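Below: one structure, written as structure tokens.
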Amino acid sequence: MLRLRPYKACDAQAVTQWLKDERAFRLWSADRYPRYPITAADLNAYYDKEKQNETIWAMTAFDETGVVGHFTMRYPQAGNYEEIRLGFVIVDDQKRGKGYGKEMLSLARAYAFDLLKVRKITLGVFEQNTNALCCYRASGFRPAVHSEPEQYNCMGELWNCLEMELIQGEQYE
């Protein structure tokens, strides 16, 4: 059974080990980090910059085997507590394809809708990240219809980042 808790600095060692190559790293982080590979200290330094920011926080998913997933939650617009945005979503690379991602997103959904009382959950995903796209769709996320994909220059290529959303009360399974 998967559970959630606030991220701890000791989680960084596991999370950074799941990023086996630069492509996987960029699919996860886009251009948010200047170099690959990142270390646990790099990840913690990134989060330490935001530790006084009440509108963003990191979460860790775990089970009896230890840390198995990670993501951030943030309010994307100051003063708007109707929407939460997920970011840096990742599951242990040895556990992918086994339902962990969908279960972690289900816990994130419950946290956002039931505890935070938001109306909408959003996230961005690169169109090349087919496994993540399938997981998000299976978890009820649908493409947002309001805008063109955001583009990032990653690894010498232009990657489209698709906006996805899950709206409270919509059918999602």
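This structure is a prediction, so every number in the text was calculated from the model and none was measured. Positions are given from 1, in the same order as the sequence printed here.
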Original post:
Checking side-chain contact (heavy atoms from CB on, under 4.5 Å) for the pair V89/M104: CA distance, chi angles, key distance, verdict?
Top reply: CA-CA 9 Å; V89 179; M104 182 174 73; 3.8 Å; yes
Do other residues, nucleotides or ligands put more than 12 heavy atoms under 6.0 Å from the [atom1] atom of [X]?
{"X": "R3", "atom1": "CZ", "answer": "no"}
{"X": "E54", "atom1": "CD", "answer": "no"}
{"X": "E148", "atom1": "CD", "answer": "no"}

**OP:** Any pair with a residue in residues 50-69 that passes ring-ring contact (aromatic ring centres under 6.0 Å, His included), sequence neighbours left out, goes on the list, sorted by first then second residue, please.
**Re:**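 Qualifying pairs: W57-Y75.
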Co-membership, hydrophobic cluster, residues [X] and [Y], 4.5 Å side-chain:
{"X": "F126", "Y": "F71", "answer": "no"}
{"X": "Y152", "Y": "Y36", "answer": "no"}
{"X": "L107", "Y": "Y136", "answer": "yes"}
{"X": "M59", "Y": "L43", "answer": "no"}

Original post:
Taking it one step at a time, do R109 and S106 satisfy side-chain hydrogen bond (donor to acceptor under 3.5 Å, both in side chains)?
Top reply: CA-CA 5 Å; R109 180 180 66 224; S106 177; 3.2 Å; yes
Original post:
Any salt bridge between D21 and R26, counting N to O under 4.0 Å?
Top reply: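 Here D21 does not pair with R26 in a salt bridge, since their nearest N and O are not under 4.0 Å apart.
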Subject >> Carboxylate-amine/guanidinium proximity below 4.0 Å for R35 and D42 >> reply: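 Result for this pair is yes, salt bridge flagged.
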Original post:
Would R74 and T55 count as a side-chain hydrogen bond (donor to acceptor under 3.5 Å, both in side chains) if you check the C-alpha gap in whole Å, the side-chain angles of each, and the deciding distance to 0.1 Å?
Top reply: CA-CA 5 Å; R74 70 179 170 91; T55 66; over 6 Å; no
